[in-house]
Amino acid sequence: MLQLSGVDVRYGQIQAVHSIDLKVDAGQLVTILGANGAGKSSTLRTIAGLVRPSAGEIRLDGVQIDGLPPERIARLGLSFVPEGRGILTTLTVEENLRVAAIGARATSDFDGRRDDVFKVFPVLGERRKALAGLLSGGEQQQLALGRAMIHKARLLLLDEPSLGLAPLLRDLVFAQIVRLRDQGATVVLVEQDARRALAIADWAFVLNGGRKVLDLPASEALSSYRELEAAYMGSARH
């Protein structure tokens, strides 16, 4: 479904990503791991079209998307939940969901999609008229995932979805990520809680200094966690 070939990402004179090759099959839940500054978020933002690669190629279902504006990429079935959640804080919960439906051209069956979100995240139904900016951090993360559910994305990019959440809310968020994958979405997950991410993922990529240093089944990465930690620290060969 998704293929990156020789992708470089630069911010002025700083190169954040170095010639990365990644392949994600339809229906997979893939995690991208690495220390802060490893290039994980830059990779997701480049896939989503928010940053243009300085070299290389990105294809979604065989269609070259690097260089397309973000809204065109979204209409091809991609949804991006950035770190910080990306919700519209001056709109209500329901208005946030309605905006997501407009972006996905899904207004005709909005009520059904919204009710599905409220079944999974009951607190959003209870606070549907509340301004999103007044929600707790956990509620905002649930709203961000709810917007992705409204979109019914075929490819879902998640950047640090458990950041700052209490353990019970982390459990809820990870369970919903698995549910989205089981319902047919392909998921690319960036997550600092490496063990938790590997426990739900099918495949793992590890970045260090903007370079891919490991590319292996998540179960193998979990069973050889010392090698994974070495890759984080930059001692793995690449």
Side-chain angles (χ1 to χ4, degrees), residues 1-12 14-25 28-58 60 65-66 70 73 78-86 141 144-145 148 153 155-165 170 173-174 177 180-181 185-218 220-222 225 227-236 238:
M1 172 175 274
L2 176 69
Q3 187 158 9
L4 280 67
S5 303
V7 170
D8 289 349
V9 179
R10 290 183 175 273
Y11 300 101
I14 298 172
Q15 186 163 354
V17 174
H18 299 260
S19 194
I20 279 187
D21 297 321
L22 297 179
K23 180 183 175 184
V24 180
D25 292 333
Q28 278 191 320
L29 198 167
V30 168
T31 185
I32 302 177
L33 304 173
N36 289 334
K40 308 182 302 296
S41 294
S42 291
T43 299
L44 291 193
R45 289 173 60 82
T46 304
I47 296 168
L50 300 174
V51 176
R52 287 199 173 192
S54 54
E57 185 177 279
I58 303 173
L60 177 61
I65 62 171
D66 51 278
I73 297 173
L78 183 147
S79 183
F80 176 41
V81 180
E83 182 181 351
R85 302 168 185 123
Q141 187 62 67
L145 286 174
L155 176 63
L156 180 58
L157 309 181
L158 300 173
D159 195 358
E160 302 286 4
S162 75
L163 187 66
L165 298 186
R170 281 181 156 193
V173 165
F174 277 108
I177 293 169
L180 289 169
R181 187 271 311 275
T186 303
V187 181
V188 180
L189 169 66
V190 163
E191 177 57 52
Q192 284 290 340
D193 188 343
R195 288 187 182 274
R196 191 65 178 273
L198 291 169
I200 65 170
D202 302 302
W203 201 267
F205 300 101
V206 178
L207 305 186
N208 185 279
R211 293 179 170 85
K212 184 178 71 175
V213 295
L214 285 178
D215 176 348
L216 73 171
E220 286 186 23
L222 195 57
Y225 201 74
E227 182 182 356
L228 186 77
E229 288 181 316
Y232 266 71
M233 300 303 294
S235 58
H238 55 271

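If you're wondering where the values come from, they're calculated on a predicted model, not measured in any experiment.
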So T43 and L4, side chain to side chain contact (heavy atoms under 4.5 Å, CB included) or not? Walk me through it.
-> CA-CA 10 Å; T43 299; L4 280 67; 4.0 Å; yes
Heavy atoms only: give me the nearest A197-T31 pair and the separation to one decimal.
-> CB-OG1, 3.5 Å
Rounding to 0.5 Å, atoms CG (L2) and CD (Q28) come to a distance of 10.5 Å
Where do M1 and L155 land on the side chain to side chain contact (heavy atoms under 4.5 Å, CB included) test, with the steps shown first?
-> CA-CA 8 Å; M1 172 175 274; L155 176 63; 4.1 Å; yes
Is the shortest heavy-atom distance from the side chain of L158 to the side chain of V190 under 4.5 Å?
-> no
Can you find a heavy atom in the side chain of Y11 that is under 4.5 Å from one in the side chain of V51?
-> yes
Does the distance from a Lys or Arg side-chain N to an Asp or Glu carboxylate O, for D215 and K23, drop under 4.0 Å?
-> no
Apply side chain to side chain contact (heavy atoms under 4.5 Å, CB included) to the pair L33 and L198, showing each step before the final yes or no.
-> CA-CA 9 Å; L33 304 173; L198 291 169; 3.9 Å; yes
Rounded to the nearest 0.5 angstrom, the OG-CD1 distance for S79 and I73 is 12.5 Å
What is the minimum heavy-atom distance between L156 and A148, and which atoms define it?
-> CD1-CB, 3.6 Å
Does a side-chain heavy-atom distance below 4.5 Å link R211 with I20?
-> no
Between V17 and G39, which heavy-atom pair has the shortest distance, and what is it?
-> CG2-O, 3.8 Å
Please tell me if the side chains of F205 and L214 come closer than 4.5 Å, counting only heavy atoms from C-beta onward.
-> no
Distance in Å, L222 CG paired with I200 CD1, rounded so as to fall on 0.5 Å steps = 11.5 Å
First locate atom CG of L44, then atom CG of L157, and finally report the distance between them rounded to the nearest 0.5 Å.
-> 5.5 Å
Can you measure from CG (L50) to OG (S41) and round to the nearest 0.5 angstrom?
-> 11.5 Å
So, do I32 and L189 sit near enough that their side-chain heavy atoms are less than 4.5 Å apart?
-> no
Taking side chain as C-beta onward, heavy atoms only, is K40 less than 4.5 Å from D159?
-> no
Carefully, step by step, assess Q15 and V9 under the rule side chain to side chain contact (heavy atoms under 4.5 Å, CB included).
-> CA-CA 6 Å; Q15 186 163 354; V9 179; over 6 Å; no
Euclidean distance, T186 OG1 relative to D25 CG, rounded to 0.5 Å | 8.5 Å
Heavy-atom closest pair (R10 atom, S54 atom, distance to 0.1 Å) is CG-OG, 3.6 Å
Donor-acceptor contact below 3.5 Å, side chain D202 vs main chain V30 = no
Considering all heavy atoms of both residues, which atom of V24 and which atom of V188 are nearest to each other, and what is their separation?
-> CG2-CG2, 4.2 Å
Exercise: do Q192 and N36 side chains pair donor with acceptor under 3.5 Å = yes
Where is the tightest heavy-atom contact between L207 and K212, given as atom of each residue plus distance?
-> CD2-CA, 3.7 Å
Side chains of P53 and D8: does their closest heavy-atom pair fall under 4.5 Å?
-> no
Should E191 and R196 count as side-chain neighbours, where that means a heavy-atom distance under 4.5 Å?
-> no
Do we get R195 above Y225's six-membered ring, with its NZ or CZ under 6.0 Å from the centre and within 45° of the axis?
-> yes
